[in-house]
Amino acid sequence: MTIDHLVMTNQALIPVIINGAAGKMGREVVKAVAQAPDLTLMGAIDRNPEHQGKDAGELAGLTEPLEVPITDQLEPMLGYVAGERQLPPGVIIDFTHPDSVYDNVRSAIAYGIRPVVGTTGLSPEQIQNLADFAEKASTGCLIIPNFSIGMVLLQQAAITASQYFDHVEIIELHHNQKADAPSGTAIQTAQLLAELGKTFNPAIVEETEKIPGARGSLADEGIRIHSVRLPGLIAHQEVIFGAAGQIYTLRHDTSDRACYMPGVLLAIRKVSQLKSLVYGLEKIL
Ligand SMILES: NC(=O)C1=CN([C@@H]2O[C@H](COP(=O)(O)OP(=O)(O)OC[C@H]3O[C@@H](n4cnc5c(N)ncnc54)[C@H](OP(=O)(O)O)[C@@H]3O)[C@@H](O)[C@H]2O)C=CC1
Ligand SMILES: O=C(O)C1=N[C@H](C(=O)O)C[C@H](O)C1
């Protein structure tokens with residue numbers, strides 16, 4: 001489909017680029033974008049040499065090709081979409097790797113393309129730098145550690161519970177192809193609880209770790225995060241509160257990456273209304 005055709009048929013179509021289009025999340029996003037009536041997939045980026053030139057739709061399992069080939073040429077694609085002035089501002093979805101996401105987002109903002117970031121593993125300093133960069137450019141940018149509504153609800157329940165419990169630990173469990181630990185979601189969950197301004201898990205005894213790491217990683221305000229990596233898992237999280245004589249457990253399980261797609265589509269539609277960086281799905285619901 002040509003740009004002229006897109007403009008003639010529907011001026012509101014949002015041009016979308018998917019970075020990491022050949023990956024587990026990228027393929028799911030290709031299908032979701034292809035089925036959304038107000039979005040048009042203009043670019044599918046992936047570094048994996050095995051998939052260069054393949055049709056993004058066919059790779060994602062669609063029966064018809066989308067006529068969008070996978071390419072590793074990010075900057076030319078950003079330039080191409082930014083140059084299509086007849087269309088609304090372009091959006092790029094990033095589901096790549098913790099090592100590359102920071103540079104990807106900087107490049108997108110430099111071209112005026114709005115980033116929606118699902119990739120986890122950005123450091124707090126990197127997120128702050130990206131926020132400063134987006135602010136200066138007056139460009140919307142969304143960083144969403146978890147696109148599923150179930151996780152937002154779990155986090156809200158955890159915030160409520162943490163007003164009444166002083167002891168809490170987080171266990172996150174993921175497939176063993178995950179590069180970063182703890183998960184972005186677990187870090188965000190700990191941050192949300194830490195923001196309440198109280199210190200959790202006051203020490204009862206002096207602890208000794210006989211094997212380093214036995215007590216997990218220590219996030220803000222004394223909250224511990226334990227990371228499990230096993231084949232057979234997708235993405236799961238427990239937040240466990242303890243008090244005298246009782247345990248309160250919140251748990252979220254994913255069984256299909258389709259669970260993230262309503263959140264991804266919402267973020268694509270919202271990011272162009274923003275002029276700065278926003279962190280967390282709960283802020284745009
Ligand atoms: N926010 C959320 O709700 C969710 C976030 N995630 C996060 O999304 C990220 C991706 O997850 P997932 O899809 O499972 O991972 P995959 O490894 O399945 O997919 C990543 C894809 O991106 C490619 N890639 C890596 N680096 C680059 C780069 N610099 N430029 C272009 N392509 C690149 C990879 O190629 P290659 O195979 O060669 O490495 C691969 O094809 C992770 O950080 C994960 O934690 C996942 C699920 C939900
Ligand atoms: O790598 C994954 O799979 C996931 N990553 C995100 C995270 O690190 O929190 C979101 C979800 O847990 C799936």
Student: Are Ile223 and Tyr248 connected in a single hydrophobic cluster, I mean Ile/Leu/Val/Met/Phe/Trp/Tyr linked by side-chain heavy atoms less than 4.5 Å apart?
Tutor: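 Yes.
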Student: Check whether Met25 and Ile143 end up in the same hydrophobic cluster, where Ile, Leu, Val, Met, Phe, Trp and Tyr are linked by side-chain heavy atoms less than 4.5 Å apart.
Tutor: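 The answer is no; the residues belong to distinct hydrophobic clusters.
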Student: Looking only at non-hydrogen atoms, find the nearest pair between Ser183 and His174 and report the distance.
Tutor: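 Answer, listing the atom of Ser183 first, then His174: CB-CE1, 3.5 Å.
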Student: If only atom types and distance count, is the side chain of Asp72 paired as donor or acceptor with the main-chain N or O of Gln52 below 3.5 Å?
Tutor: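 Flag not set: sc Asp72 to bb Gln52 has no pair under 3.5 Å.
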Student: Could you tell me whether the side chain of Val228 reaches within less than 4.5 Å of the side chain of Leu233, counting heavy atoms only?
Tutor: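 In contact.
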Student: Indicate whether the side chain of Gln155 and that of Thr189 have a donor and an acceptor atom separated by less than 3.5 Å.
Tutor: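 Checked: Gln155/Thr189 side chains pair up, N/O donor to acceptor below 3.5 Å.
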Student: Is there a path of hydrophobic side-chain contacts, each under 4.5 Å between heavy atoms of I, L, V, M, F, W or Y residues, that connects Leu122 with Phe133?
Tutor: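 Yes, it is one cluster - the side chains of Leu122 and Phe133 are joined through contacts under 4.5 Å.
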Student: Is there a side-chain contact (heavy atoms from CB on, under 4.5 Å) between Ile159 and Leu192 once you walk through the steps?
Tutor: CA-CA 7 Å; Ile159 289 168; Leu192 289 168; 4.1 Å; yes
Student: Atom CG of Asp94 and atom CG of Leu142: how far apart are they, to the nearest 0.5 Å?
Tutor: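 Spacing of CG (Asp94) from CG (Leu142) equals 13.0 Å.
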Student: Flag yes if Val239 and Met151 sit in one hydrophobic cluster, no otherwise; membership is Ile, Leu, Val, Met, Phe, Trp, Tyr, and two members link when side-chain heavy atoms are under 4.5 Å apart.
Tutor: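 Yes, one cluster joins them.
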Student: Of all the heavy-atom pairs spanning Ser276 and Glu135, show the shortest one and how long it is.
Tutor: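 Closest pair (atom of Ser276, atom of Glu135, distance): CB-OE1, 3.6 Å.
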Student: Answer yes or no: does atom CD of Glu64 have more than 12 heavy-atom neighbours from other residues, nucleotides or ligands under 6.0 Å?
Tutor: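 Incorrect, the count does not exceed 12.
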Student: Would you check, one step at a time, whether the test salt bridge (charged side-chain N to carboxylate O under 4.0 Å, His left out) holds for Glu209 with Arg215?
Tutor: CA-CA 7 Å; Glu209 282 187 327; Arg215 292 285 291 116; over 6 Å; no
Student: Charged N to carboxylate O below 4.0 Å: is that the case for Lys198 and Glu221?
Tutor: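 Salt bridge absent between Lys198 and Glu221.
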Student: Whether the side chain of Thr71 engages the backbone of Gln73 through a donor-acceptor N/O pair (distance < 3.5 Å, no angle test) should be reported.
Tutor: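 Indeed, once roles are kept as given, a pair shorter than 3.5 Å links the two residues.
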Student: Please check if the side chain of Glu28 supplies one atom and the backbone of Lys24 the other of a donor-acceptor pair under 3.5 Å.
Tutor: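 Here the side-chain-to-backbone pair does not exist.
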Student: If I compare all heavy atoms of Leu193 with all of Phe200, which pair ends up nearest, and what's the gap?
Tutor: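 Heavy atoms of Leu193 and Phe200 come nearest at O-CE1, 3.7 Å.
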Student: Please tell me if the side chains of Ser123 and Gln128 come closer than 4.5 Å, counting only heavy atoms from C-beta onward.
Tutor: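 Result no, sub-4.5 Å side-chain heavy-atom pair not found.
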Student: Where do Val30 and Leu41 land on the side-chain contact (heavy atoms from CB on, under 4.5 Å) test, with the steps shown first?
Tutor: CA-CA 8 Å; Val30 167; Leu41 183 64; 4.2 Å; yes
Student: Using 0.5 Å steps for rounding, measure from the NE2 atom of His252 to the NE2 atom of His236.
Tutor: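 Rounded to the nearest 0.5 Å, the NE2-NE2 separation comes out at 10.0 Å.
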Student: Backbone N or O of Val101 within a donor-acceptor pair of the Thr119 side chain at under 3.5 Å?
Tutor: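 No: the side chain of Thr119 does not pair with the backbone of Val101.
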Student: Quick one: does any side-chain atom of Thr40 pair with a main-chain N or O of Ile14 as donor and acceptor, under 3.5 Å?
Tutor: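 Between the backbone of Ile14 and the side chain of Thr40 there is no qualifying donor-acceptor contact (under 3.5 Å).
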Student: Output yes when a side-chain donor or acceptor of Thr249 lies under 3.5 Å from a complementary backbone atom of Ile240, and no otherwise.
Tutor: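 Not at all, since once roles are kept as given, no pair shorter than 3.5 Å links the two residues.
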Student: Looking only at atom types and distance, does a side-chain atom of Glu172 sit under 3.5 Å from a main-chain N or O of Ile225, one as donor and one as acceptor?
Tutor: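 No, Glu172 side chain to Ile225 backbone: no donor-acceptor pair under 3.5 Å.
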Student: If you measure from CD1 on Ile127 to CG on Asp132, what distance do you get to the nearest 0.5 Å?
Tutor: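 Taking CD1 in Ile127 and CG in Asp132, the distance rounds to 12.0 Å.
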Student: Closest approach of Ala186 and Ile170, non-hydrogen atoms and distance?
Tutor: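 Scanning both residues, the minimum pair turns out to be O-CD1, 3.9 Å.
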Student: Kindly determine whether Lys178 and His175 satisfy side chain to side chain donor-acceptor pair (under 3.5 Å), including the steps that lead there.
Tutor: CA-CA 6 Å; Lys178 185 163 177 58; His175 57 91; over 6 Å; no
Student: Does Asn146 form a side-chain contact (heavy atoms from CB on, under 4.5 Å) with Gln237? I'd like the steps, not just the answer.
Tutor: CA-CA 11 Å; Asn146 198 303; Gln237 179 169 286; over 6 Å; no
Student: Donor-acceptor pair, distance only, cut-off 3.5 Å: does the side chain of Thr160 make one with the backbone of Gln156?
Tutor: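 Between the backbone of Gln156 and the side chain of Thr160 there is a qualifying donor-acceptor contact (under 3.5 Å).
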Student: Could you give the distance from CG (Leu266) to CD1 (Ile284), rounded to the nearest 0.5 Å?
Tutor: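 Separation between the atoms: 4.0 Å.
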Student: Are Glu75 and Ser107 packed together at the side-chain level, in the sense that at least one heavy-atom pair is separated by less than 4.5 angstrom?
Tutor: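 SC-SC contact between Glu75 and Ser107 confirmed.
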Student: Asn19 and Thr96: side chain to side chain donor-acceptor pair (under 3.5 Å), yes or no, with the steps?
Tutor: CA-CA 6 Å; Asn19 199 357; Thr96 57; 5.1 Å; no
Student: Indicate the atoms forming the closest heavy-atom contact of Gly280 with Gln188, along with that distance.
Tutor: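 Smallest interatomic distance, heavy atoms only, reads CA-NE2, 3.8 Å.
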Student: Could you report the tightest heavy-atom contact between Ile109 and Pro115, atom names first, then the distance?
Tutor: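 In this case the closest contact between Ile109 and Pro115 is CG1-CG, 3.7 Å.
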Student: Between Val91 and Leu39, does a side-chain contact (heavy atoms from CB on, under 4.5 Å) hold up when you go through it step by step?
Tutor: CA-CA 10 Å; Val91 176; Leu39 311 180; over 6 Å; no
Student: Is Leu74 close to Ile92 at the side-chain level, that is, under 4.5 Å between some pair of heavy atoms?
Tutor: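 Yes. Closest side-chain heavy atoms under 4.5 Å.
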Student: Tell me if a side-chain donor or acceptor on Glu84 pairs with a main-chain N or O of Pro15 at a distance below 3.5 Å.
Tutor: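 Answer holds: no.
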Student: What's the separation between atom CG in Asp220 and atom OG1 in Thr199, rounded to the nearest 0.5 Å?
Tutor: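 Going from the CG atom of Asp220 to the OG1 atom of Thr199 covers 10.0 Å.
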Student: Return the OG to CZ distance between Ser148 and Arg257, rounded to the nearest 0.5 Å.
Tutor: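 Nearest 0.5 Å value for the OG-CZ distance: 12.5 Å.
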Student: Should Asn129 and Glu125 be marked as a side chain to side chain donor-acceptor pair (under 3.5 Å) after you check the CA-CA gap, both sets of side-chain angles, and the distance that decides it?
Tutor: CA-CA 6 Å; Asn129 287 344; Glu125 294 74 26; over 6 Å; no
Student: Could you walk me through whether Phe95 and Phe147 satisfy the ring-ring contact (aromatic ring centres under 6.0 Å, His included) test, starting with their C-alpha distance in whole Å, then the side-chain angles of each, then the deciding distance to 0.1 Å, before giving a yes or no?
Tutor: CA-CA 12 Å; Phe95 281 106; Phe147 283 98; 5.8 Å; yes
Student: Between Arg27 and Ala22 (side chain of the first, backbone of the second, donor and acceptor by atom type, cut-off under 3.5 Å), is there such a pair?
Tutor: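 It does hold such a pair.
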Student: Please tell me if the side chains of Ile268 and Val16 come closer than 4.5 Å, counting only heavy atoms from C-beta onward.
Tutor: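 Yes, close enough: below the 4.5 Å cut-off.
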Student: Please enumerate all residues that pass ring-ring contact (aromatic ring centres under 6.0 Å, His included) together with Phe165, with sequence neighbours excluded.
Tutor: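 So Phe165 forms a ring-ring contact (aromatic ring centres under 6.0 Å, His included) with Phe241.
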Student: Find out if a path of hydrophobic residues (ILVMFWY) with successive side-chain heavy-atom gaps under 4.5 Å connects Tyr279 to Val105.
Tutor: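 The answer is yes; both residues are in one hydrophobic cluster.
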